[in-house]
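Protein chains get the first letters and strands the later ones, always in sequence-line order, with residue 1 at the start of each. These numbers were taken from a predicted model, which means no experiment stands behind them.
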Amino acid sequence: MKKQCAQRMTLYAALLGAVLCAVTCPSPRAAQTNPAPVRGEQWSAIGRLPDFWRGTWFTRKFRYDFTRLPPLTKNAAAAASAYLREQTRGRNLDTSVANCTSPGMPAVMDDGSMPIKFLPTPEMIVIYLEGYSQARFVHMDGRRHAQPPNPTFLGESIGHWEGDTLVVDTIGFVPQVRLPVRPGSNPRAPALLPHGPNMRIVERFRLLTDDTLEVKRTLYDDALFTQPVEHVRHFHRDTSREGELQEWVCSDNRDYFDEATGILYYGLHTGPTR
Amino acid sequence: MRSTENSILRIGILAASIHWTLAAGATAAAAQTPTRQQQEWGSISRLPNFWEGTWQGVSDLYLFPDPVTWTPAAAQYVASYKAKPIDDTPFANCMNPGMPFVMNIAAMPIKFLPSPGLITIYIEGFGVSRFIHTDGRKIEPEPNPTYYGTSVGHWEGDTLVVDSRGFVKETLLQIGQLPPAGVSPRPRPVFKEHGPNLRFVERMRMKDFNTLEITTTIYDDTIFAKPYESTRYWHRHTDRLSEPQEWVCSDNRDFYDNDSGVLEHNVKEKAISR
């Protein structure tokens, strides 16, 4: 009986499908001139993923997190001490945002005053960072890292899902990216050191609640740290209009850092200051 | 008797099949009723596929086909036009050109990122993103002025219509062109600061799967006696070399002083350290 019933249903479905298709299916000619959207099912699949997508996300913790001091290599510890000594003498060595550049990863993620937004596509998840107006492209197509990747401020990111957790592996950073290694007397001005060649970041993103996103970040850099450094940061969802993404343009590059001499110049806009 | 049995049997089969059909349908409906999130993301697949890969501009940087009808004041401006230094180096200070010029950058791709209520266009040149609200909102009477304006969009059939208003005065607006002069065989662009009512309406549609056409109508009643219209084209690329990449202006060696009108090259060599 079930077989008969199934056959009947198949027939009904076929008939119904034929009738519907006669009304709605595009003709082969129409298909040539206006191809059907591809990867349609993959867009639908985004709707079944954990909803990172709605609204924007703000973090409330300051950019530099020294909840636990990172274990430094001897060279890094010496460089950090020298940095802070110079800072005490009044010299500002923080060039991370001079020249209208980005501070790069991971600091660029953690600017609490401006939101981030996840924009998924079937092949990549784009993370737009309002601060510095940058976009991270997290490739979700199963590729491996390039050997070596083209160095960038945000690195080359490859992601995959482990259950409800988005795991993102990022390598390949430009030399300008500095990592905070020791807090200074001013907590907002830590010792920032150039990263080593093997810098790598692994982030694990998951929703703790509908409005709370947790990011567990493991930072690898064997030139600076004797063991990987872990941070946990929470982002809060904002679906109000005030929380929507806005434009960010660095239109006032009054500071200039000369990489050749290592000198940071101030006040080019209003005339140099002494 | 046999016919009665057959009838009863048939009725039984029919009843059972109706019951099974209804039950199966109800179960399937319960299991497959898409959530709002699934519906919203699934609906993207039914839109024209602007999304796959990236789009590479193929039209001229300074495209400005005649005829154009200026206001008397703008016509006078063009007749006596002398390029200011910033016109020759519009990208000094690591500045963004703003709308509409940012869409003219052909060496680097753009990518459309759809999401419920918002279409983001990532523009690799200058590493900026435009946010086009498609949730039915209207542009507020006095939008916060930005380089890329406040944009709302809606679909008219297969055409995405984007209305943008609210621009900072620094946007790079070409209002015409002059005959070639000097060594370059190319027409010389004429730039002018826009008026308070600058507005763009862009009509974006795929001519075929690999060709995007954007017709932009420029409204500025201080410059154009009649709204000016130009059409540009983009080609789709889906290979890895054409994927969106990071863009950071990390070498702002030129500085333009808005107050004095002086463009300084290689400011780092002239600056004085404090």
Closest non-hydrogen contact found for B:G42 with A:S44 is CA-OG, 3.4 Å
Please check if the side chain of A:E247 supplies one atom and the backbone of B:Y147 the other of a donor-acceptor pair under 3.5 Å. yes
Side chain, backbone, both or neither: which part of A:R136 has a non-hydrogen atom closer than 4.5 Å to chain B? neither
Note: vs chain A, highest number of non-hydrogen pairs under 4.5 angstrom among B:S115, B:G117, B:P116, B:P114 is B:P114
Specify whether B:W41 and A:W53 have parallel, tilted or perpendicular ring planes, treating 30° as the upper limit for parallel and 60° as the lower limit for perpendicular. perpendicular
So does B:R240 pair up with A:E156, basic N to acidic O under 4.0 Å? no
Verify, without hydrogens or angle tests, whether B:E246 (side chain) and A:A135 (backbone) share a donor-acceptor contact under 3.5 angstrom. no
Do A:P122 and B:E52 have side chains that approach each other closer than 4.5 Å (heavy atoms only, starting at C-beta)? no
Calculate, to the nearest 0.5 Å, the distance between atoms CG and CZ belonging to B:L113 and A:F118 respectively. 14.0 Å
Heavy-atom side-chain proximity of B:V248 to A:Q134 below 4.5 angstrom: yes
Ranked by heavy-atom pairs below 4.5 Å to chain B, first place among A:T152, A:L119, A:L49 goes to A:T152
Heavy-atom distance under 4.5 Å between the side chains of B:F131 and A:E244, does that happen here? no
Gap separating the CD atom of A:Q246 from the OG atom of B:S129, nearest 0.5 angstrom: 13.5 Å
Return the OG to CH2 distance between A:S102 and B:W247, rounded to the nearest 0.5 Å. 12.5 Å
Using non-hydrogen atoms and a 4.5 Å limit, figure out which bit of B:T120 sits close to chain A: side chain, backbone, both or neither. side chain
Under a 4.5 Å heavy-atom cutoff, which of B:Q39, B:R137, B:R36, B:E243 has the most pairs with chain A? B:R137
At a heavy-atom separation under 4.5 Å, does A:T121 approach chain B through its side chain, its backbone, both, or neither? side chain
Salt bridge check: are B:E40 and A:R54 linked by an N-O gap of less than 4.0 Å? no
B:E140 and A:R241 ion-paired at < 4.0 Å: no
One should read off an interatomic distance between B:Q245 CD and A:N150 CG, to the nearest 0.5 angstrom, of 6.0 Å
Compare all side-chain heavy atoms of B:S43 with those of A:W43 and state whether any distance is below 4.5 angstrom. no
Test ring pair (Phe, Tyr, Trp, His ring centres under 6.0 Å) on A:F137 and B:Y122; report intermediate values, then the result. CA-CA 11 Å; A:F137 304 103; B:Y122 176 74; 5.0 Å; yes
